[in-house]
Structures are given as structure tokens and as C-alpha cells.
Amino acid sequence: MMKIIVTGAGAVLGQGIIKSLRSATLPSHIVALDPNPLSAGLHWADSSHLIPMATDDDYESRIEEILDRERPDAVLVGTDVELAIFAKKRAEWEQRFKTHILVSPENVIEIADDKYQTAQFLELHNLSNPKSVKAEDADALRQLVEEIGFPLIVKPRRGARAVGVSKVNTQVELEETIRGRHDLVVQQMAGADDQEYTAGVLFFEDRVQASIVLRRDLRDGNTYRAYSGDFPDYEKYVHELAYALKPHGPTNFQFRVDAHGVPRLFEINARFSGTTPMRALFGFNEVELCLRKLILGEDITPPVIQHGTVIRFLEEKFLGHDQIEAVGQS
């Protein structure tokens, strides 16, 4: 039985990784990590540990303590804020603790984390994207308005789940939205709301091993309905993105399709995605595929995707005081 550590058990991403592990055919002992004993994923795991926030000074030493104690077969990172740390420490920790840490190189994490760097990366590789400028660059911003017009999208250079993202329809709205704010990027609208797609690509040994493209509906920045289909042109596009980026393992590409049918990437997540457990329901369990590759040395065979719709909904769980107090004691 594999022992798998999953960090971020309170996050949508971390919980999705745990769900995908539970639905896999591989037997696994799941060790969940999170700072909060009330995080749902801690109570789905076989054992758990409480850890500091990733920004705390003792975060790395606590992770090393857990790795030394648990000696997991693999570590799957379940929050964005931890990615840079694990990318920096990956080689050292893999050697010291004889494990596999599934995280992309530091430069890939940085490109994905910064929306303006993402845009520059796409321009450099001649990959279609929404035209983007820094909000503080007055000349470039004026040129964007003259060339593209409205509506435009204003977003933080670093952020997630559409937090702080605004659609502006006039010059007055644009000026009001950026006033007093810093580190913003202003972008051309990539496409209509009903033409948004999320794609998962598994990239190992300098090549795309498998991929899936889904059309999606959003609510509060997260996918709540996903639709499979035949999207060969968009599959080709995300493969081109992956070959340019060269991640390690899973990467999520989010894009919209414009009125001319051109896909325009607006976000990269160099990790598993919030839609990871939804993809598993379509037959694409990327967590299992990655573990079979890393731990068992199996070649990844692209799975057959079921055509249909996956819907997301809330569920509840009661926790007794003894269950909460037991977190981190296993």
C-alpha cells in the first residue's frame, strides 16, 4: 500500500486530491496536512498532522519532521502558497526522505503565479493570449484601450479564484478600478462567459503524456459544472503550451475561446486543479496516473474520456469533539 501525503487538506485543491485518491484503484494510506483541525480533508484521511501556515518561519522544519516520521512514497501539494517552498526544496527532500515530491520547477511556478509573467511567456512563444499590460504603465494602458477598446479585465498579478477581478466597460470604470491599487494587470477579454475551458495536462520526460479539455461554468471563481466533448484544436493548443512551459507532472491551463474560435489562455496553475476530482469522474484520474508513473514506473496511457456533464454540490459532515481533538494524534 502506498503512503501519500496531501498538504492543504482544508483547500478545495487539497480536498480534491484526497477525493481522487479515494476513487483510485490504487490502495493508499493518506496522510493529510493542514493548519486547521476543522479542515474537512483531515477527517477524510487515514492519519493527519497539524502544520504551521506556509508563511510561518517554522513551516519547513515541521514539514521535514513529518517527512522523516512518515517516509511517504509521494507528496502531493494542495495549496498554491506551498508550491514555491516544495519546488525549492524538492531535490533535497526527495534525496533525504526517499520520496517523490510532485511539483514543477521554481521558474514554472513563478510564471504561473504572476499573470503578467504568464502573458510575457505566451508572447515570447507566439501562443495566442489576451493582450495584457501592467496597470501602472500609462502609455501601454492607453495603447491597449485604443487598440482593443472595452470591455477589459482588471486583475491582481498574483491571485486565485477570481478574487479582485473586475470587468470594466468604460474609461471611467477603468480609472476607478485601478485607483489606489498596485500590482494589477489589465487584459483584453479572452472570450465570452459561456466559452470558458479548463484543461489538465500531465507532462513527464519532456513530453505530454495525457490531457483532458473540459468546458466549464463558474461560480465564485470555481468550476461548478463541467462538460466533456471532442476538442482536438484545443487539445493541440494546450499541448503547445505544455511543451513551451515544461512543467513536471500536472498543469492546469484555463482559457476562453473568442468569436473567431481562437483559444486565449489567461491562467496557468502549475499543479493539480480544483477540477481534479471532476476530471476523475470523466475517467481521467490524474492523481492516480501520476502516482503510477512516479512510484510504480508505469507508462501513462491516455484514458478513455466519458462524454457527459459533471455537477458540483455541497455536502456536510458532523464532527464530535473527540474527532476534532484527535486530529494530528494519529
Original post:
What about the rings of Phe255 and Tyr234, do their centers lie closer together than 6.0 Å?
Top reply: yes
Original post:
Any donor-acceptor pair under 3.5 Å linking the side chain of Asp258 with the backbone of His260?
Top reply: yes
Subject >> Passing option when Val75 is tested against Leu67, Val103, Leu102 for side chain to side chain contact (heavy atoms under 4.5 Å, CB included) >> reply: Leu67
Original post:
Is a side-chain N or O of Arg71 found less than 3.5 angstrom from the main chain of Asp68, in a donor-acceptor match?
Top reply: yes
**OP:** Show your reasoning for whether side chain to side chain donor-acceptor pair (under 3.5 Å) applies to Tyr227 and Asp217.
**Re:** CA-CA 9 Å; Tyr227 312 88; Asp217 296 331; 2.4 Å; yes
**OP:** Say whether Ser132 and Gln188, considering side chains only, have a donor N or O and an acceptor N or O under 3.5 Å apart.
**Re:** no
Mind listing the side-chain donor-acceptor pairs of residues 139-150 below 3.5 Å, one per line with the distance, residues two or more places apart or on another chain?
{"from": "Asp139", "atom 1": "OD1", "to": "Arg142", "atom 2": "NH2", "distance (Å)": "2.5"}

Original post:
Got a salt bridge between Arg158 and Glu110, using NZ or NE/NH1/NH2 to carboxylate O under 4.0 Å?
Top reply: yes
Subject >> Beyond-backbone contact of Ile300 with Arg292, side-chain heavy atoms, under 4.5 angstrom >> reply: no
Subject >> Minimum-distance pair of heavy atoms, taken over all atoms of Ala270 and Thr251 >> reply: CA-CG2, 4.2 Å
**OP:** Taking all heavy atoms of Ala11 and all of Thr79, pick out the closest pair and write down the distance.
**Re:** CB-CG2, 3.9 Å
**OP:** Indicate, with yes or no, if the rings of Phe203 and His248 have centres closer together than 6.0 Å.
**Re:** no
Subject >> Single-linkage hydrophobic cluster, 4.5 Å side-chain cutoff, Phe284 and Tyr197 together >> reply: no
Subject >> Spatial distance of atom CD (Glu267) from atom CG (Asp113) [nearest 0.5 Å] >> reply: 9.5 Å
**OP:** Just do the side chain to side chain contact (heavy atoms under 4.5 Å, CB included) check on Arg256 and Arg264 with the steps written out, would you?
**Re:** CA-CA 5 Å; Arg256 288 189 175 191; Arg264 295 185 183 276; 5.9 Å; no
Original post:
Which heavy atom in Ile5 sits nearest to a heavy atom in Glu70, and how many Å separate them?
Top reply: CD1-CB, 4.3 Å
Original post:
Side chains of Leu296 and Leu26: does their closest heavy-atom pair fall under 4.5 Å?
Top reply: yes
**OP:** Run the numbers on Glu288 and Thr25 for side chain to side chain contact (heavy atoms under 4.5 Å, CB included), then give the verdict.
**Re:** CA-CA 8 Å; Glu288 178 170 5; Thr25 58; 2.4 Å; yes
**OP:** Evaluate the side-chain proximity of Ile63 to Leu33: yes if any heavy-atom separation is below 4.5 Å, no if none is.
**Re:** yes
Original post:
What's the shortest heavy-atom distance between Val238 and Phe253, and which atoms?
Top reply: O-CE1, 3.9 Å
Original post:
Should Met278 and Arg216 count as side-chain neighbours, where that means a heavy-atom distance under 4.5 Å?
Top reply: no
**OP:** Answer yes or no: is there a donor N or O on one side and an acceptor on the other, between the side chain of Asp34 and the main chain of Ala9, under 3.5 Å?
**Re:** yes
**OP:** Could you give me the CA-CA distance, side-chain angles and deciding distance for Glu286 and Ser20, then say whether side chain to side chain donor-acceptor pair (under 3.5 Å) is met?
**Re:** CA-CA 8 Å; Glu286 56 195 308; Ser20 297; over 6 Å; no
Subject >> Partner of Gln187 under side chain to side chain donor-acceptor pair (under 3.5 Å), chosen from Lys115, Lys131, Lys155 >> reply: Lys155
Original post:
Any link between Ile268 and Val12 through a network of hydrophobic side chains (Ile, Leu, Val, Met, Phe, Trp, Tyr) touching at under 4.5 Å?
Top reply: no
**OP:** Run through Thr223, Leu281, Leu214, Thr275 and flag the one making a side chain to side chain contact (heavy atoms under 4.5 Å, CB included) with Val310.
**Re:** Leu281
Original post:
Between CG of Leu38 and CG of Asn36, what distance do you get to the nearest 0.5 Å?
Top reply: 5.0 Å
Original post:
Does Gly320 offer a backbone N or O that forms a donor-acceptor pair with the side chain of Gln323 under 3.5 Å?
Top reply: yes
**OP:** Kindly indicate, with the supporting measurements, whether the criterion salt bridge (Lys or Arg N to Asp or Glu O under 4.0 Å) is fulfilled by Arg181 and Glu136.
**Re:** CA-CA 9 Å; Arg181 299 173 67 191; Glu136 61 266 30; over 6 Å; no
**OP:** Let me see the working for Ser47 and His29 under side chain to side chain contact (heavy atoms under 4.5 Å, CB included), right down to the final yes or no.
**Re:** CA-CA 8 Å; Ser47 58; His29 177 97; 3.0 Å; yes
Original post:
Is a side-chain donor or acceptor of His43 paired with a backbone partner of Phe318 at a separation under 3.5 angstrom?
Top reply: no
Subject >> Contact summary for Pro151 and Met189, nearest pair of heavy atoms >> reply: CG-SD, 3.4 Å
**OP:** Using atom types as modelled and distance alone, determine if a side-chain donor or acceptor of Tyr237 lies under 3.5 Å from a backbone N or O of Val262.
**Re:** no
Original post:
For the residue pair Val6 and Gly14, what are the closest heavy atoms and their distance?
Top reply: CG1-O, 3.7 Å
Original post:
Going by an N to O cut-off under 4.0 Å, is there a salt bridge joining Arg179 and Glu176?
Top reply: no
**OP:** For the pair Ser228 (side chain) and Gly308 (backbone), establish whether a donor and an acceptor sit closer than 3.5 Å, ignoring hydrogens and angles.
**Re:** yes
Original post:
Are the side chain of Thr170 and the backbone of Glu173 linked by a donor-acceptor contact shorter than 3.5 Å?
Top reply: yes
**OP:** Answer yes or no: is there a donor N or O on one side and an acceptor on the other, between the side chain of Asp114 and the main chain of Gln117, under 3.5 Å?
**Re:** yes
Original post:
Cluster question for you: counting only ILVMFWY and a side-chain heavy-atom cut-off of under 4.5 Å, with indirect links fine, are Leu127 and Tyr243 together?
Top reply: yes
**OP:** Check whether Ile109 and Ile111 end up in the same hydrophobic cluster, where Ile, Leu, Val, Met, Phe, Trp and Tyr are linked by side-chain heavy atoms less than 4.5 Å apart.
**Re:** no
**OP:** State, with a plain yes or no, whether a side-chain heavy atom of Val133 is found less than 4.5 Å away from one of Leu184.
**Re:** no
Subject >> In one Ile/Leu/Val/Met/Phe/Trp/Tyr side-chain cluster, 4.5 Å: Phe204, Ile295 >> reply: yes
Original post:
Between Phe121 and His125, does the ring centroid distance fall short of 6.0 Å?
Top reply: yes
**OP:** Please examine the side chains of Val77 and Phe272, heavy atoms only from C-beta on, and report whether any two atoms are closer than 4.5 Å.
**Re:** no
**OP:** Using atom types as modelled and distance alone, determine if a side-chain donor or acceptor of Asn269 lies under 3.5 Å from a backbone N or O of Arg271.
**Re:** no
**OP:** Given side chain to side chain contact (heavy atoms under 4.5 Å, CB included), test Leu174 with Gln171 step by step and report yes or no.
**Re:** CA-CA 5 Å; Leu174 174 60; Gln171 183 68 33; 4.2 Å; yes
Original post:
Should the pair Arg157 and Tyr116 be classed as cation-pi, given the thresholds of under 6.0 Å to the six-membered ring centre and 45° from the axis?
Top reply: no
Original post:
Considering residues, nucleotides and ligands other than Asp57, do more than 12 of their heavy atoms fall under 6.0 Å from its CG?
Top reply: no
Original post:
Thr99 and Glu94: side-chain donor and acceptor closer than 3.5 Å?
Top reply: no
Original post:
Taking it one step at a time, do Gln254 and Thr198 satisfy side chain to side chain donor-acceptor pair (under 3.5 Å)?
Top reply: CA-CA 5 Å; Gln254 298 175 15; Thr198 179; 4.9 Å; no
**OP:** Answer yes or no: is there a side-chain heavy-atom contact under 4.5 Å between Trp44 and Ile30?
**Re:** no
Subject >> Salt bridge Arg96-Glu64, side-chain N to carboxylate O under 4.0 Å >> reply: yes
**OP:** For atom NZ of Lys246, decide whether the heavy atoms of other residues, nucleotides or ligands shown that lie under 6.0 angstrom number more than 12.
**Re:** yes
**OP:** For residues Asp46 and Val31, determine if any side-chain heavy atom of one lies less than 4.5 Å from a side-chain heavy atom of the other.
**Re:** no
